[in-house]
Amino acid sequence: MTREQHVFGRGGNASTRGGSPAPYVDTFLNAPDILPRHCTVRAGPESPAMVRPSRGALVTHNGCLLLREAELHPGDLLGLGEHFLFMYKDPRTGGSGPARPPWLPSRPRAAPPGPGWAFSCRLCGRGLQERSEALAAYLDGREPVLRFRPREEEALLGEIVRAAAAGSGDLPPLGPATLLALCVQHSARELELGHLPRLLGRLARLIKEAVWEKIKEIGDRQPENHPEGVPEVPLTPEAVSVELRPLMLWMANTTELLSFVQEKVLEMEKEADQEGLSSDPQLCNDLELCDEAMALLDEVIMCTFQQSVYYLTKTLYSTLPALLDSNPFTAGAELPGPGAELEAMPPGLRPTLGVFQAALELTSQCELHPDLVSQTFGYLFFFSNASLLNSLMERGQGRPFYQWSRAVQIRTNLDLVLDWLQGAGLGDIATEFFRKLSMAVNLLCVPRTSLVKASWSSLRTDHPTLTPAQLHHLLSHYQLGPGQGPPPVWDPLPTERDAVETGDIFESFSSHPPLILPLGSSRLRLTGPVTDDALHRELRRLRHLLWDLEQQELPANHRHGHPVATSP
């Protein structure tokens with residue numbers, strides 16, 4: 001073994017789909033169950049060496065079936081198919097091996113591989129007490145590991161999703177995603193190569209079903225779905241926060257889980273490229289299954305986002321008109337400064353700001369990804385801007401509304417809202433989405449003596465976000481005084497008259513910004529001990545559940561009770 005990478009296999013004349021020659025083989029083995037490229041040993045400059053089985057290859061490592069890449073140490077036994085058995089000697093050290101081969105009985109206190117497995121090997125070198133203690137250490141330990149056999153997978157995933165949907169326990173916000181990611185990690189590291197795509201598909205379908213059921217429950221509780229004759233009561237910020245918490249939690253958890261799954265799928269593709277199997281039909285099928293699962297998770301995120309902003313904007317719809325109608329200059333009241341508490345704001349603004357505050361607290365409590373927090377408020381501000389601007393356009397039709405005194409009140413209300421949002425860390429997003437409303441109100445705040453002297457061209461230059469139709473509508477309905485009509489300098493230029501006559505003065509709600517899913521690595525913490533006590537309790541509960549399921553399959557006289565670790 002003179003090269004850094006050494007390939008064992010049958011060789012042959014097989015070619016890949018692109019017509020390139022078969023992968024290079026260093027050691028040729030002739031047996032019916034040996035694949036053209038059976039396994040690869042990599043011995044780089046740093047120890048230890050690594051052994052990786054090819055897809056579908058029967059490989060054992062010290063007597064245990066090898067499904068994934070593993071460390072290879074001097075003295076290890078490597079079985080290839082049913083006919084070849086090799087003992088590894090490190091070529092970098094002159095072939096010298098350890099005094100005690102690693103396949104001999106294990107030393108005491110070695111970590112058990114998983115529930116029940118501590119009792120499965122009669123040659124592991126441990127007594128019954130040692131095995132029981134080792135298993136107890138795993139079942140109750142804080143290591144972020146969740147081991148299971150494929151036959152218990154459905155029950156395990158179903159239990160995690162069911163508990164998350166029911167909101168039982170006191171898990172941290174991203175606890176369900178952490179537990180599901182541990183399942184994905186176990187499949188990717190320990191189980192056979194084709195298992196991960198099937199697990200991802202099952203997991204994604206379970207989450208989608210749970211979310212769809214929750215959406216239906218929330219919809220059935222809405223006032224408009226109650227029997228006729230029951231008056232519809234507007235949603236309060238507190239009520240909508242309680243209703244949306246399950247959906248927001250699912251959005252946060254699914255987002256982090258999708259990022260984690262994407263990382264694992266990329267690792268799968270990288271491994272295939274290293275093995276020269278990027279065009280393997282089975283791999284292509286596995287990747288297609290992974291893509292379908294990720295598309296379902298993507299759909300869940302999109303749907304929970306849409307439902308969340310729907311109910312939040314529905315609540316805003318009844319509160320926003322006060323920004324146009326309320327007078328912030330009430331007798332004896334001082335205008336609050338930047339960073340003021342909600343209770344210090346004028347009464348007409350509190351309902352709208354209450355919705356924004358409830359949404360901000362909800363996204364924080366659910367630990368929603370920062371990118372999705374920004375986009376949630378971007379949509380809320382887009383809706384608020386469009387709704388207020390359309391109301392402003394409607395108010396000018398048929399009755400006096402466009403006048404300086406009214407505009408100053410609206411401008412003050414809007415400034416107070418923007419200042420409050422700046423104090424909440426949302427100032428930049430709010431300024432961007434309220435730009436058109438701000439410009440329309442600024443136009444109406446221009447003193448009348450200055451406004452009548454301004455030409456159409458200068459007004460178009462000073463208020464570029466307003467369309468010709470919107471600008472003309474505001475000017476043509478501006479209240480200059482009894483019997484005074486718009487001055488000739490406000491007449492649109494000939495080149496813009498068609499735009500004025502055919503243009504829509506109302507904002508479209510369908511032109512909202514698209515949802516862009518966050519990029520980058522998952523925020524889930526799967527390294528180091530589990531420090532959150534509630535998450536640790538749930539992890540212990542699931543491990544004991546898997547242990548019970550495994551024991552139920554055994555004859556009564558082969559079962560073990562729940563192991564109890566002895567005190568040191």
Side-chain angles (χ1 to χ4, degrees), residues 320-338 345-346 348-349 384-420 422 427 430-507:
L320 287 171
L323 272 71
L324 303 180
D325 297 327
S326 64
N327 182 5
F329 305 105
T330 53
E334 293 185 6
L335 295 179
M345 303 300 289
L349 305 184
S384 300
N385 174 81
S387 181
L388 287 169
L389 188 63
N390 291 348
S391 296
L392 185 64
M393 293 297 171
E394 289 177 352
R395 300 293 178 87
Q397 298 175 340
R399 59 190 179 95
F401 191 81
Y402 298 158
Q403 48 191 337
W404 182 84
S405 59
R406 172 82 68 171
V408 170
Q409 294 179 13
I410 298 173
R411 179 71 261 178
T412 303
N413 281 336
L414 187 56
D415 285 342
L416 290 172
V417 169
L418 293 175
D419 286 345
W420 188 91
Q422 180 71 41
T431 300
E432 176 185 352
F433 282 96
F434 279 108
R435 183 172 288 113
K436 179 167 277 195
L437 176 64
S438 292
M439 198 153 285
V441 176
N442 287 344
L443 171 66
L444 300 178
C445 283
V446 175
R448 185 171 55 185
T449 55
S450 301
L451 190 60
V452 296
K453 299 176 184 177
S455 66
W456 172 267
S457 297
S458 65
L459 291 172
R460 286 281 288 135
T461 302
D462 294 340
H463 305 85
T465 62
L466 297 176
T467 66
Q470 291 170 334
L471 177 61
H472 182 262
H473 177 82
L474 293 171
L475 294 174
S476 60
H477 291 85
Y478 189 85
Q479 302 299 310
L480 291 172
Q484 295 187 46
V489 292
W490 289 358
D491 290 342
L493 298 176
T495 56
E496 293 187 302
R497 285 174 184 167
D498 285 344
V500 169
E501 295 173 359
T502 61
D504 194 349
I505 63 173
F506 298 111
E507 291 293 295

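Nothing here was measured: the structure is a model prediction, and the numbers come from that model. One-based numbering along the sequence shown.
Contact between L416 and L335 at its shortest, heavy atoms only, is CD1-CD2, 4.1 Å. The nearest pair of heavy atoms linking S326 to N413 is O-ND2, 3.0 Å. The minimum heavy-atom distance linking L475 with W490 is given by the pair O-CZ3, 3.4 Å.
Atom OG of residue S384 and atom CG of residue L389 lie 12.0 Å apart, to the nearest 0.5 angstrom. Note that the CE atom of M393 and the CZ atom of F401 stand 12.0 Å from one another [nearest 0.5 Å]. Once rounded to the nearest 0.5 Å, the distance linking CG of L471 with CD1 of I505 reads 12.0 Å. Taken to the nearest 0.5 Å, the CZ atom of F433 stands 9.5 Å off from the CZ atom of R435. Atom CG of L323 and atom CG of L349 lie 5.5 Å apart (nearest 0.5 Å). Atoms CG and CZ, on L324 and R406 in that order, are 8.5 Å from each other to the nearest 0.5 Å.
The shortest distance between side-chain heavy atoms of Y478 and L474 does not fall below 4.5 Å. Residues S387 and P321 have side chains not in contact (no heavy-atom distance under 4.5 Å, counting atoms from C-beta outward). In this structure, the side chains of V441 and F434 stay at 4.5 Å or more apart for every pair of heavy atoms. M345 places none of its side-chain heavy atoms less than 4.5 Å from the side chain of P328. Using a 4.5 Å heavy-atom cutoff, the side chains of S391 and L320 are not in contact. At least one side-chain heavy atom of D325 sits less than 4.5 Å from a side-chain heavy atom of R395.
Judged as a side chain to side chain contact (heavy atoms under 4.5 Å, CB included), and not counting sequence neighbours, the contacts of N390 are F506, E507, F509. Residues forming a side chain to side chain contact (heavy atoms under 4.5 Å, CB included) with V500 (at least two apart in sequence, or on another chain): W456, P468, H472, P492. Under the rule for a salt bridge (Lys or Arg N to Asp or Glu O under 4.0 Å), the partners of R460 that lie at least two apart in sequence or sit in another chain are E496. The side chain to side chain contact (heavy atoms under 4.5 Å, CB included) test applied to D462 returns no partner, not counting sequence neighbours. Remark: T467 pairs with K436, A469, Q470 by the side chain to side chain contact (heavy atoms under 4.5 Å, CB included) rule, at least two apart or across chains.
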L466/H473 under side chain to side chain contact (heavy atoms under 4.5 Å, CB included): CA gap, chis, key distance, verdict
CA-CA 10 Å; L466 297 176; H473 177 82; over 6 Å; no

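Judged by distance alone, with hydrogens and angles left aside, the side-chain atoms of Y402 form a donor-acceptor pair with the main-chain N or O of L392 at under 3.5 Å.
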Show me the donor-acceptor pairs within less than 3.5 Å that the side chains of residues 442-451 make with the rest of the protein, sequence neighbours left out.
| from | atom 1 | to | atom 2 | distance (Å) |
| --- | --- | --- | --- | --- |
| N442 | OD1 | R411 | NH1 | 2.7 |
| N442 | ND2 | S438 | O | 3.2 |
| R448 | NH1 | L480 | O | 2.7 |

